[in-house]
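Heads up: numbering here begins at 1 and tracks the sequence. Counting starts at 1 for both ligands and their atoms, following the listed order.
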Amino acid sequence: MKRRISLGRRRFLLRAAQLSSVFLLAGCDSLSRKPWFENFLSSAEGITRRVQRLITPRKAMAREYTEADLSPIFPVNGTENPDTEEYLALAQNHFADWQLEIAGLVEQPARFSLDALRQLPSRTQITRHDCVEGWSAIGKWKGVPLHILLEKVRPLPPARYVVFHAADPDDTGDYYYESIDFEDAYHPQTILAYDLNDQPLPIGNGAPLRLRVERQLGYKMAKYIMRIELVDRLETIAGGKGGYWEDQGYEWYAGI
Ligand SMILES: Nc1nc2c(c(=O)[nH]1)N[C@H]1C(S)=C(S)[C@@H](COP(=O)(O)O)O[C@H]1N2
Ligand SMILES: [Mo]
């Protein structure tokens with residue numbers, strides 16, 4: 001029987017064999033036909049990420065739970081209330097003056113008020129949030145799917161990442177930010193949430209708007225989003241590693 005096997009795939013199998021993990025090979029037949037798979041094989045990302053993607057294809061849905069599974073209290077972690085004049089003024093006015101700005105590599109930069117976002121199609125999902133600090137909680141999130149907004153602003157061809165700029169600076173003045181690639185940006189469960197457990201998002205949990213990217217760890221889910229920027233590379237933003245914690249050594253792809 002003739003076996004057709006590409007060079008890329010052969011290299012991959014070799015690497016997989018070197019890792020000597022049987023599970024690595026499971027399912028790689030179907031995965032290897034997808035363009036993103038080819039891309040990441042040739043990329044310099046860490047092996048963890050490759051293994052991650054082999055076990056759970058990124059297009060797969062994160063598990064969703066029922067109302068009965070909701071945590072009694074959804075914890076507040078990291079910034080609890082951004083301590084800037086600008087944010088405090090916005091909060092004072094219940095975010096009526098807040099606008100989400102979407103700019104960068106897009107055809108049609110735009111701004112959306114909270115009301116405008118609430119009028120767009122929404123998605124509600126009950127999911128588990130996992131923080132690297134060792135806690136998990138199940139919450140019900142409602143928000144606008146990110147792909148709906150991207151369809152409105154129309155990313156330009158070179159755009160590859162979506163960067164979320166938050167309202168909270170740390171002690172040294174560095175603002176929290178995060179980034180995801182287009183695969184996660186267009187995932188159906190990637191939403192910009194304005195409600196938690198059927199209530200407007202509390203300040204502690206990121207009012208007026210926070211990211212939910214359900215296949216990744218808690219630190220990816222930027223709270224207090226002020227501005228979204230589409231870029232072709234992450235090196236030019238802040239510390240250059242694609243996120244506040246990444247700039248301090250955390251993994252950029254925080255898959256769970
Ligand atoms: N802007 C901003 N976003 C943030 C953080 C933060 O400190 N500032 N902390 C992150 C971390 S580590 C976690 S676990 C979650 C916590 O979200 P919660 O406060 O709703 O539990 O938000 C993430 N997003
Ligand atoms: Mo976290």
Side-chain angles (χ1 to χ4, degrees), residues 62 64-65 69-91 95 98-102 114 117 123-144 146 161-180 184-185 189-229 234 237-239 241-256:
E64 293 194 18
Y65 296 77
D69 303 313
L70 287 174
S71 301
I73 292 172
F74 198 96
V76 170
N77 199 50
T79 301
E80 297 176 7
N81 190 355
D83 191 17
T84 68
E85 255 179 57
E86 187 194 6
Y87 183 84
L88 295 174
L90 290 168
F95 302 103
W98 172 90
Q99 286 199 322
L100 172 69
E101 182 193 342
I102 310 186
L114 200 48
L117 292 178
R123 187 176 206 281
T124 301
Q125 57 204 30
I126 300 178
T127 52
R128 197 189 67 214
H129 177 109
D130 296 308
C131 172
V132 286
E133 287 168 48
W135 59 271
S136 297
I138 294 176
K140 179 179 181 182
W141 305 95
K142 180 181 180 188
V144 55
L146 180 57
Y161 301 98
V162 183
V163 183
F164 305 87
H165 296 279
D168 52 324
D170 67 10
D171 296 343
T172 70
D174 292 335
Y175 279 81
Y176 202 96
Y177 78 106
E178 259 306 335
S179 62
I180 57 176
D184 270 332
Q189 288 170 317
T190 299
I191 66 173
L192 295 171
Y194 43 68
D195 284 349
L196 168 59
N197 296 338
D198 299 314
Q199 299 295 320
L201 191 61
I203 285 182
N205 302 105
L209 197 71
R210 72 101 48 89
L211 175 65
R212 296 300 308 170
V213 48
E214 304 291 358
R215 305 286 314 279
Q216 296 204 50
L217 289 167
Y219 66 86
K220 294 300 286 188
M221 313 211 196
K223 308 194 283 189
Y224 317 112
I225 299 174
M226 304 297 280
R227 186 162 59 88
I228 293 179
E229 185 184 7
L234 297 171
I237 315 271
K241 299 284 196 294
Y244 178 81
W245 288 111
E246 287 86 330
D247 288 341
Q248 291 162 66
Y250 282 42
E251 283 282 314
W252 177 77
Y253 188 78
I256 45 174

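Ring geometry, W135 versus F74: the interplanar angle exceeds 60°, so the pair is classed perpendicular (tilted spans 30 to 60°). Ring geometry, Y87 versus F95: the interplanar angle falls from 30° to 60°, so the pair is classed tilted.
Between E64 and the choices T127, D69, T124, I138, the side chain to side chain contact (heavy atoms under 4.5 Å, CB included) rule is met once, by T127.
A salt bridge links E246 with K220: the closest approach of a Lys/Arg side-chain nitrogen to an acidic carboxylate oxygen falls below 4.0 angstrom.
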For this session: Decide side chain to side chain contact (heavy atoms under 4.5 Å, CB included) for V76 and N205; before the verdict, give the C-alpha distance in whole Å, the side-chain angles of both, and the deciding distance to 0.1 Å.
Result: CA-CA 6 Å; V76 170; N205 302 105; 3.9 Å; yes
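Every protein residue with a heavy atom nearer than 4.0 Å to ligand 1 is included here: F74, P75, V76, N77, G78, T79, H129, C131, W135, A166, D168, Y176, G204, N205, R210, G218, Y219, M221, A222, K223, Y224.
For R227, the salt bridge (charged side-chain N to carboxylate O under 4.0 Å, His left out) partners are E229, not counting sequence neighbours.
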